[in-house]
Every structure is written in structure tokens, then in C-alpha cells.
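Just below is one structure, and these are the notes that go with it.
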Amino acid sequence: MAKLAGLRHWIHKKATIERMLTTGTILVLLLLWFAVTELKLLSAILVPSPGKVFASFIQILQEGYKDNSLLTHLRDSMMRLLSSFVLVILTAVPLGLLSGYNSKIRAIMYPLVEFYRPLPPLAYYTLLVLWMGIEDSSKIALLYLAGFAPVFIACESGVRKLKQDYIDGAYTLGADSRQIFFHVVFPACLPDIFIGLRTAVGVSYTTLVAAEMVAAVTGIGWMVLDASKFLRSDIIFVGIIIMGITGMLIDAVLRAVERRVVPWKGKE
């Protein structure tokens, strides 16, 4: 009991120190930002002060930006991002797992993914606009393609690194291929699946700005691009901070789900 209590105390102390380090890092960055702007080391057009950024945030929160509220911009961006993310989960996860499990499916899928994966999103976005129009469907398709590759590769890699002993043991106990896939392969690959999903959110979010470049009048990415045309760096900072915070929140949700679904991660 004494050892268990000591272990819990050590874990609690470690978590406290980590929280302090995180808080300290944020405070140091804010102080550096404040110092740079107060000492006028950089032009206010390039780096606005924290106070100006906060004032612009309050103004946009109250009055909106270009005839749309901040909530509308955030809602439209999240709708595009989350719609593509759901499609990625429904397609990239099963296809990636099947590609790792079946060499014939891998021979079909892998060259396609490897061909388009290195392409810059703007290189094929124009084609998507021509094929699907300028509405949200082309934007969602762009975000979907951006998020598909990392999830597919993570799932496929997770299956291929699975120990053959697990599969052989299941066969020995009388399991068929379907049972092995759903009860051995899929659970064993869950940590890799979540890594792929978390990576896909980041990649898709970075592509969101490109997706909102063409024929969009709402969205956080569009707001940042529009503000850049008028050198409104304060609004650019507001948009970037909002994207960073929402991205962190989405990642936190994924990590919380992962802790519930994969409680054995790191304990093998």
C-alpha cells in the first residue's frame, strides 16, 4: 500500500509540474509578444499588440465580420472540416485496414494514395472546382483528400506491423478470417488509427485556408485571407488564434475518446 501511495503521489507531482510548464510556456510567449509590441521592435502592421488583437476579437464577436457573425464563420469552417473528417473515418479506416490485411487490395489502393499524397492541395483544387462547382462540395472534397492519406497509411502500417503470432494464435483457436479481422486486427490497430485521425485533423485544418480561397464568403480561413488583403494583421491574429484553439479542442476530444477506446495503450 505504501508503494502504491508513493506511486500515486509521484504521478500527481509529475502532472502538476507538467501543467506548470505548460502554463509557464504560454505566459512567456505572451510576455514576449507584449514586450516586442511595447518596445516597437516590429511594425504594428506586422505584429499587432495583444490589446489590439483582443479588442478586434471583441469587435468581431459583437459586430461580426463582413456581414456575418463570428459564430457563422466558425460554424461554416467546422461544418466543412467535420464533414470531411466523417467521410475520412468511413472510408480511409476500412480501406487502410483491408489494404494492410489483403495484398490484392493494397496493390490497388497504395499506388493511388502514394500518387496524390505529395501533390499540393491547390494543384488539384482547381479540378475539384471544375468538377463539383464552387459550393461547399468541392471544399469538403479537398479537405477529405487531405485527410484521407494520413489515415489510410496509418491504418495500413498498423496492420502490417501486427505480430503474426496473434493471427496464428487466433487461427489455432478456430477463428476464421472475418473473426480475425474484427477481433484481432482491428483492436490491435486502434492506437495507429487514432494517430492517423489526429494527424488528419491537423492536415485538413491547414488545407482549410486553401479550401476557402475560392468563392467563399464565410469561414475562419476566408476571414484570415480577406483580412490579409487589407493588412489587418489584428484580424489575422484573431483568426489564427481561433483556428489554433479549435484545433486543440478537436485533438483533445480525439485523445479523450482514445483513452476510453484504447485503455491498454502504452501498457503492453
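One distance of note links SG of Cys155 with CD1 of Ile193; it measures 4.5 Å at 0.5 Å rounding. The CZ atom of Arg259 sits 11.0 Å away from the CG atom of Leu254 when rounded to the nearest 0.5 Å. Here the CE atom belonging to Met132 is positioned 12.0 Å from the CG atom belonging to Leu127, to the nearest 0.5 angstrom. Atom CG of Leu21 sits about 7.5 Å away from atom CD1 of Ile17, to the nearest 0.5 Å. Here Arg160 contributes atom CZ and Ser103 contributes atom OG; the two are 9.5 Å apart, rounded to the nearest 0.5 Å. Atom-to-atom distance recorded for Ser84:OG and Ile89:CD1 is 10.0 Å, nearest 0.5 angstrom.
Not one N or O on the side chain of Ser83 forms a donor-acceptor pair closer than 3.5 Å with the backbone of Arg80. Counting only distance, with no hydrogens or angles, the side chain of Ser49 and the backbone of Lys52 share a donor-acceptor pair below 3.5 Å. The closest donor-acceptor contact from the side chain of Ser77 to the backbone of Leu74 lies at 3.5 Å or more, if one exists at all. Side-chain atoms of Ser138 come within 3.5 Å of backbone N or O of Gly133 as a donor-acceptor pair. Side-chain atoms of Thr72 never come within 3.5 Å of backbone atoms of Asn68 as a donor-acceptor pair (strictly under, hydrogens ignored). Between the Asn102 side chain and the Ile105 main chain, a donor and an acceptor come within less than 3.5 Å of each other.
Cluster membership for Phe115 and Leu95, using ILVMFWY side-chain heavy atoms within less than 4.5 angstrom, is shared. Residue Val262 is grouped with residue Val257 when hydrophobic side chains (ILVMFWY) are merged at heavy-atom distances under 4.5 angstrom, including chains of intermediate members. Both Val185 and Val261 are assigned to one and the same hydrophobic cluster, defined by single-linkage of ILVMFWY side chains at heavy-atom distances under 4.5 Å. By the rule that hydrophobic residues join a cluster once side-chain heavy atoms approach within less than 4.5 Å of another member, Val203 and Leu208 end up as members of separate clusters. Linking ILVMFWY side-chain heavy atoms closer than 4.5 Å, directly or via other members, places Leu46 and Leu29 in two distinct hydrophobic clusters.
Closest non-hydrogen pair, Arg106 versus Ser99, comes out as NH1-O, 2.8 Å. Nearest heavy-atom pair across Leu197 and Phe85 is O-CE1, 3.6 Å. What you find for Val151 and Ala200 is that their closest heavy atoms are CG2-CB, 3.5 Å. Nearest heavy atoms, Pro111 versus Ala107: CD-O, 3.3 Å. Taking each heavy atom of Ile140 and Met79 in turn, the nearest pair found is CD1-SD, 4.3 Å.
Side-chain contact check for Ser56 versus Arg232: some heavy-atom pair is nearer than 4.5 Å. Here the side chains of Asp192 and Val159 are not in contact, with every heavy-atom distance at 4.5 Å or above. A 4.5 Å side-chain heavy-atom check between Ile153 and Glu114 finds at least one atom pair inside the cut-off. Counting heavy atoms from C-beta on, the side chains of Ile235 and Phe57 never come closer than 4.5 Å.
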message = Quick one, Leu81 with Met78, criterion side-chain contact (heavy atoms from CB on, under 4.5 Å). Give me CA distance, side-chain angles, the key distance, then yes/no.
response = CA-CA 5 Å; Leu81 182 68; Met78 289 298 102; 4.0 Å; yes

inquiry  = Could you go through Lys139 and Leu143, starting from their C-alpha distance and side-chain angles, then the distance that decides it, and tell me whether this counts as side-chain contact (heavy atoms from CB on, under 4.5 Å)?
reply    = CA-CA 6 Å; Lys139 297 172 177 58; Leu143 299 177; 5.6 Å; no

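There is no side-chain donor-acceptor pair under 3.5 Å between Thr25 and Thr22. Side-chain contact annotation: Tyr125 with Thr207, donor-acceptor N/O pair under 3.5 Å absent.
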Which pairs would a plain distance check flag for residues 34-44, meaning a side-chain donor or acceptor within less than 3.5 Å of a matching protein atom at least two apart in sequence or in another chain?
{"from": "Thr37", "atom 1": "OG1", "to": "Trp33", "atom 2": "O", "distance (Å)": "3.1"}
{"from": "Thr37", "atom 1": "OG1", "to": "Phe34", "atom 2": "O", "distance (Å)": "2.9"}
{"from": "Ser43", "atom 1": "OG", "to": "Ile45", "atom 2": "N", "distance (Å)": "3.2"}

Please list, one pair per line, the donor and acceptor atoms closer than 3.5 Å that link side chains of residues 238-251 to other protein atoms, with sequence neighbours excluded.
{"from": "Thr246", "atom 1": "OG1", "to": "Tyr205", "atom 2": "OH", "distance (Å)": "2.5"}
{"from": "Thr246", "atom 1": "OG1", "to": "Ile242", "atom 2": "O", "distance (Å)": "2.8"}
{"from": "Thr246", "atom 1": "OG1", "to": "Met243", "atom 2": "O", "distance (Å)": "3.1"}
{"from": "Asp251", "atom 1": "OD1", "to": "Arg198", "atom 2": "NE", "distance (Å)": "2.8"}
{"from": "Asp251", "atom 1": "OD2", "to": "Arg198", "atom 2": "NH2", "distance (Å)": "3.2"}
{"from": "Asp251", "atom 1": "OD2", "to": "Arg255", "atom 2": "NE", "distance (Å)": "3.0"}

Pairs of donor and acceptor atoms involving the side chains of residues 219-227, under 3.5 Å and at least two apart or interchain, shall be tabulated with distances.
{"from": "Trp222", "atom 1": "NE1", "to": "Ala216", "atom 2": "O", "distance (Å)": "2.9"}
{"from": "Asp226", "atom 1": "OD2", "to": "Tyr65", "atom 2": "OH", "distance (Å)": "2.5"}
{"from": "Asp226", "atom 1": "OD2", "to": "Lys66", "atom 2": "NZ", "distance (Å)": "2.6"}

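Using a 30° and 60° split on the angle between ring planes, Phe148 and Phe152 fall in the parallel class, below 30°.
Aromatic ring centres of Phe186 and Phe182 lie farther apart than the 6.0 Å criterion allows.
Atom CD of Gln179 has more than 12 heavy atoms from other residues, nucleotides or ligands within 6.0 Å.
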